[in-house]
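Structure, as C-alpha cells:
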Amino acid sequence: MKSLQSEIEQRGRQIFELVDNHPESLFTKAGFYQRLMALSMRDEQLKLQLFRFVDVLPSLGSSSEIVEHLQEYLAHANGSQKISELLGAGVRLARIVPWISGPVLRWNVSEMARQFIAGRNPNDVMRTLRKRRSQKIGFTVDLLGEAVVSESETDKYAARYLDLLESLAHETKDWTDPLGKNSELFPVVNLSVKISALYSQINPADPADAIAHLAPKLRPLLRRARELGAFINFDMESYAHKNTTLELFKTIFAEEEFRDWPHAGIVTQAYLRDSEADLRNLIEWGRARGTRFAVRLVKGAYWDYETSKSRQNGWDCPVFLQKPASDANFETLTRLLLENESIVTAAFGSHNVRSIAHAQAFAEELGIDRSRFEFQLLYGMAGPIKRALVEMGYRVREYCPVGELLPGMSYLVRRLLENTSNEGFLRAKFSENVPVEDLLRDPCEILRRSKNGVLPPSNPTINMTTTTPKTHPGAPYENAPLTNFALPENQEKMRTALREQRKQFGRKVPLTINGEKIWTDNMFSSVNPSQPDQIVGYAAEAGIPEAERAIAVARAAFEKWRRTSFEQRCQLLERVAEILERRRFELCALEVFEVGKPWAQADGDIAEAIDFCTFYARQMRRMGRPRLTQNVPGEESYQHYWPRGVALVIAPWNFPMAILCGMVSAALVTGNTVIMKPSEQSVIIGAMLMEIYEEAGVPPGVLNFLNGKGSVIGAHMVDHKDVDLIAFTGSREVGLWIWETAGKTREGQRELKRVICEMGGKNAMIVDSDADLDEAIVDSIYSAFGFQGQKCSALSRLIVLEENYNRVIERLLGAAASVRVGNPEEPSVVVGPVIDEAAYRRILDYLEVGKSEATLAYQAKDVPPHGYFIPPTIFTGVTPDMRIAREEIFGPVLSVIKVRDLDEAIDVANGTDYALTGGFFSRSPANIERVKAQLEAGNVYINRPCTGAIVGRHPFGGFKMSGSGTKAGGEDYLLNFLVPRVVTENVARHGMAPEKTPEYRDEFLWPKK
Ligand SMILES: Cc1cc2nc3c(=O)[nH]c(=O)nc-3n(C[C@H](O)[C@H](O)[C@H](O)COP(=O)(O)OP(=O)(O)OC[C@H]3O[C@@H](n4cnc5c(N)ncnc54)[C@H](O)[C@@H]3O)c2cc1C
C-alpha cells in the first residue's frame, strides 16, 4: 500500500500537469493587473502605496483628484519609470492632461476589480454563473457591501440577500447537479452570508445580544432558502466575531423549524489555534442535532489583521505564526472532517495544490466518493486549478462576490494582498516557479525542520504566544493587555464580579491619615447613576481639621520618604500594579456601578492605571541616578532631581482609577508625599486605591486619603503654605482658579508652588472629501458617544467638507440611531448614564440651547426612564460662533459643522479656546501632512478615534485652555514633580585628576545605608 505522502505527491503532480496545460493568465506579463502585481512583489513599500491608491480611487470624484492622489502616493516611490509604464501615462503627463489619465486609471482599476468581482448585481452575475455552469463549476454567491454602521443599513442588506436568493433560484430552476450523484447534499443555489452585515452593533463581549438581533433577521432568509431548496453558508470573519458566529449557527439550527434542515454550512479557519477544538465541538453538536450540516474549511483571510490587532492590544495572537503551521492544521482538520463524513459535508476552500491533494488522498484512503465533498475556490483566482479539478472528476464550486466597485474595494485589496503575499501558494507557484517537490512538501515536515533550526521561523518579528518571555530590562515598554471580552471566560469573570460588587453595596470607607482610619460625623453617599436609589457606598467626609492634619503628616513623612531610594519607590509602584491586575475584574465592576462605565471602558481605565505604575517606575529608574553633565578633566558635575515636597492630587470621576492612580504614582515615585482627594462621585474607587497602596506597603503618612468637598477642603489645601505641588485634572473653571491661587505666595511658604493642570476640551474631527466613511462614521460615533461623551478627549465638533456632507450625515444619523443606550451592566451597552443629577440637568440645558441655535438632526428616543440617561444627540447647521460649538458640554452631544474646504476646516477646528485632542479622516497624503502640521491639539489622531490614549504610546495632555502642556504617560511627565539640582566638585589635586568620570553615580542619599 502506498503511503499517504506518496499518494499526495502523485495527485499533486497530476494537478500540476493539468494546470500547466492551461497557464494562469493572472500571472502572465501583460496588462495593468499583471504589471501592478509584478511591481508590488518587487518592493513592499511601493506595494503599500499602490494598494492604498487602489483603495481610495473609487471614492474620488474628478480626474484631477485622481491624479493628485496618485502623485501624492507615489511622490517618494522608487522606480518611477516603471510606475509610469504601469499606469499607462507618466505621472508628469498625468498632471498636464488629468482628464485623460484620471479616467484611464479608473478604467484600469475597475477592470482589475472585475477580475475578482463576479458581477455588479444579481442580473449581471448570472452571465458569469452560466459560463461556469458550462465548465461544470458550481457557485456560492456573496454580497459585497460597505461595512454596515447602522441598523437601517443592515435592513437593506438583509433585503438584498433575499432578492439575490430569489433571483438565483428563479434563474437556475432547471439547472442540474454537474456530477449527477449525491446531488441532494449540494443544492445548486448556494448563498454565503456574513453576520456583520446583518447587525451593526455586534459586541464580542455579548454574543447573546448579537444572536437576539441576528436570528430574527436570518430566519426569513433561511425559511425562504429552505422553500427554494437553496443552501446557506455562514462565512467566518475576524476572530472577535468567531464565537458569536458559532453560537448563532448552533442556536438557530437547533430550533425546531431548522433542526432537520441539512443545507446549512459554516466556515472553520485553520489558521486559528483553537480551530480544532471548535470543529470537534461543532461535530459533536451536529451529532446531537442528528441532521447533516456542512463545513467549509479554509485557512483564513484576516491573518495580517489578527496579528496586528493582537499586538496592539497585547493579546495572545489567535492565529498560527508560521505558514506551515496553518497548512498542517488544515490537513488535521481535513482528516477530522472526512472521518466524520457521516454527519458533516466537507468543502475545502483552498488554492493550494498540496492542501487539495491531501484532501483527495485522504478521502480516497477512507473510501469516500468524490461526489460527497467539494472544492471551493475564489472567483478570479486559480482558474487552471479549478479546471484541473473538474477534469479529475471532483466537485468544484466558485465563490462569487457580487457588488459595486466602491464597496468591493476592501475585498479587492484582500485579494491583491493574497496574490502578492510572500507566504502564498499562488505567488510561489505561478510567479516564482518554486519547484513542484517543494510545493508538495509535507507541512509537518517543514515545521519539524524549522524547529530543528534548519529553516528560520517565517515571522521572526512576531512573537505573541503565551510563552513569550517576560520583558527583560532594556526591552521595549509593554502595556498591560486589555481584557479580551470576546473570550467567554472573561465574560464570566466580569459577570461574577458584578454580582459580587452588588453584594458590597452600601459599604463604608474612612479617611486615611498617617495610616490611621478616621471616621467623621459626616458621611456622604456615592450612588449608581444608572439607578440613583442604589447606594454604592458611603465615605467619611473630611473638614478643615482633617485637611490640616493630613498636610502636617505628609510634611513630616516627606523627610524620610525623599531619602528612600528610588528603587524602593519604583518597587512600590510595581506591587500596586500587580494588585490592580489581581483585582482587575472587581475594580471594573465597581466602575460600572459607581460611574456608569461600560465594560470595556472600565477595563481600559484599570489597564491604564496599571500602565501608569509600571511606566513611571521605569521612567524613575531612568532618571533616578545622578548623571554627568559633561566630561571635563578635573571636575565632576552631576545633575539629579529632588522631590518638591507635599503634593495635593485632585482627580476627576471620569477616569476614576487611572487619572487618580497616575497622578498619585508620579508624585510618590519621585519622592513626594501625597494627599489624594478623589472626586466625590467616585470616592469608593478612590478608597480602593488607598487600600491597594497600603497592601503594597506605602509607609504611613506618605499617602493620605482625604475625601471631601472640593470647595471646602480642596480650596483650603490649594491655598496652604505647606502644599508644594498641586496635580489637578478637572474642569476649566476649577483649574484656572487653582492656577491663580497657587500663584500667590503665603507667609511661611518654602517653595513656589508647581501646578500640573489638565482641563477640558472642545475636540474636533475633520472629515475630508476622500475619507473612508466606513471608518470615519464608526470612529466618530465611538469618540462622541463612548462613555456618554464624558471623556475630556471626546469628540464634540464634527467638521465635514461640503463635498461629502450629505453622505456623511445620512450614515452618521443612521449609526447614531443604532447605538445601544442603557444600563452598562449589559456588555453591549455603549452609552450609559451621565455621572449625576447636576450633570444631567446641565446637559439638558445645553440640549435646549442647541435646539434654539441649530437643527436637532437626531436624538435617541429609547432611553431608560430612571437614572441619569441623556439621549445621544446630534445637531446640524452648527456654526463656529454658537455656544454648542464653543462650550464644553461633557455629554453625548455632537455638533456637525459644514465647511467649504480644508482651509476652512482647519480654521474652525483651531478656533476654540481649547487644544486637547483633534482628528482627521482622509486618504490624501498631502492633506494628512498638512493637518499633522497645523491642527492645534495636544493629541492629533489621523484616521482613528480621538479617544483612548495609551500610556507610553500616546502621552496625553493639551495646551491653550486645555492644560499646562504636560503629558501624562509621557517620558517627561515626572519632571513636573521634581526640582533639578546640579552638584559640581573640583576633583583635581595639584593638577592630578582622575582620567575618567562615570556617566552615572549613586544617588545622593543621606544617611547612607
Ligand atoms: C471558496 C473560499 C471561501 C473562503 N471563505 C473564507 C471565509 O469565510 N473566511 C475566511 O477567513 N477565509 C475564507 N477563505 C480563505 C481566504 O480568503 C484565503 O483564500 C485562504 O486563506 C488562502 O489559502 P490557500 O490555501 O488558498 O493558500 P495558501 O497560500 O496555502 O495559504 C495562505 C494562507 O495561509 C495563512 N498564512 C499566511 N501567512 C501565514 C503565517 N505567517 N503563519 C500562519 N498562517 C499564515 C493565511 O490564512 C493565508 O490566507 C475562503 C477561501 C475560499 C477559496
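Ligands are counted one by one from 1 in listed order, and the atoms in each one are counted from 1 as well. Excluded from the calculations below are hydrogen atoms, water molecules and symmetry mates; all remaining heavy atoms, backbone and side chain alike, are included.
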Taking the six-membered ring of Phe348 (Phe, Tyr or Trp), confirm whether the NZ or CZ of Arg296 is under 6.0 Å from its centre and within 45° of its axis. no
Between Tyr399 and ligand 1, is there a nitrogen or oxygen pair with a distance under 3.5 Å? no
Between the candidates Lys299, Glu374, Glu398, which shows the shortest non-hydrogen contact distance to atom 23 (O) of ligand 1? Lys299
Is the NZ or CZ atom of Arg160 positioned over Tyr157's six-membered ring, under 6.0 angstrom from the centre and within 45° of the axis? yes
If the cut-off is 4.0 Å to any non-hydrogen atom of Gln322, which atoms of ligand 1 fall inside it? 40 (C), 42 (N), 43 (C)
Only heavy atoms of Gly424, strictly under 4.0 Å: list the atoms of ligand 1 that pass. 29 (O)
Under 4.0 Å from any heavy atom of Asn352, which atoms of ligand 1 are there? 25 (O), 26 (O), 30 (O)
Got a sec, which residues hit ring pair (Phe, Tyr, Trp, His ring centres under 6.0 Å) with Phe293, two or more places apart in sequence or on another chain? Trp285
What atoms in ligand 1 come closer than 4.0 Å to a heavy atom of Phe425? 28 (P), 29 (O), 30 (O)
Are Glu374 and Gln376 linked by a side-chain donor-acceptor pair shorter than 3.5 Å? yes
If we ignore hydrogens and angles and just use 3.5 Å, is the side chain of Lys136 paired with the main-chain N or O of Arg395 as donor and acceptor? no
Charged tip of Arg397 within 45° of Tyr399 ring normal and under 6.0 Å: no
Under 4.0 Å, heavy atoms only, figure out whether ligand 1 is touched by the backbone of Asp235, its side chain, both or neither. both
Nearest neighbour of atom 14 (N) of ligand 1 from the list Asp304, Val298, Leu297, on a heavy-atom basis: Val298
Between Phe234 and Phe253, does the ring centroid distance fall short of 6.0 Å? yes
Shortest reach to atom 7 (C) of ligand 1 by a heavy atom, considering only His351, Met236, Arg397, Glu237: Met236
Can an N or O of Leu378 be found at a distance shorter than 3.5 Å from an N or O of ligand 1? no
Arg372/Asp369 salt bridge by N-O under 4.0 Å criterion: no
Output the list of atoms in ligand 1 that are nearer than 4.0 Å to some heavy atom of Ser326, sorted by atom number. 43 (C), 44 (N), 45 (C)
Element-labelled atoms of ligand 1 that are located less than 4.0 Å from some non-hydrogen atom of Arg415: 17 (O)
Heavy-atom pairs closer than 4.0 Å: do any link ligand 1 to the side chain of Ser350, the backbone, both, or neither? both
Please confirm whether Ser355 comes under 4.0 Å of ligand 1, counting heavy atoms of the residue only. no
Determine whether any heavy atom of Glu306 lies closer than 4.0 Å to an atom of ligand 1. no
Checking Arg441 against Glu437 for the salt bridge (Lys or Arg N to Asp or Glu O under 4.0 Å) test, could you report, in this order, the C-alpha distance in whole Å, the side-chain angles of both residues, the deciding distance, and whether it holds? CA-CA 6 Å; Arg441 195 152 281 156; Glu437 44 291 7; over 6 Å; no
Below a 4.0 angstrom heavy-atom separation, can you tell me which part of Arg414, side chain or backbone, both or neither, approaches ligand 1? neither
Taking 4.0 angstrom as the limit, do Glu445 and Arg448 come out as a salt bridge? yes
Among Arg354, Lys429, Gln376, Lys323, the residue with a heavy atom nearest to atom 28 (P) of ligand 1 is Lys323
Looking only at distances, please establish whether an N/O atom of ligand 1 is found under 3.5 Å from an N/O atom of Val267. no
For Phe320, is at least one N or O under 3.5 Å away from an N or O on ligand 1? yes
Val319 heavy atom under 4.0 Å from ligand 1: no
For Glu423, atoms of ligand 1 separated by under 4.0 Å from a heavy atom: 38 (N), 41 (N)
Polar atom proximity, Tyr302 to ligand 1 (N or O, under 3.5 Å): no
For the residue pair His263 and Trp261, does the interplanar ring angle fall in the parallel (under 30°), tilted (30 to 60°) or perpendicular (over 60°) class? perpendicular
Any salt bridge between Glu284 and Arg280, counting N to O under 4.0 Å? no
What about Gly300: any of its N or O atoms under 3.5 Å from an N or O on ligand 1? yes
Salt bridge flag under 4.0 Å for residues Glu306 and Lys242: no
Below a 4.0 angstrom heavy-atom separation, can you tell me which part of Gln269, side chain or backbone, both or neither, approaches ligand 1? side chain
Can you check side chain to side chain contact (heavy atoms under 4.5 Å, CB included) on Tyr271 and Lys323, steps first, answer last? CA-CA 8 Å; Tyr271 68 5; Lys323 167 73 167 53; over 6 Å; no
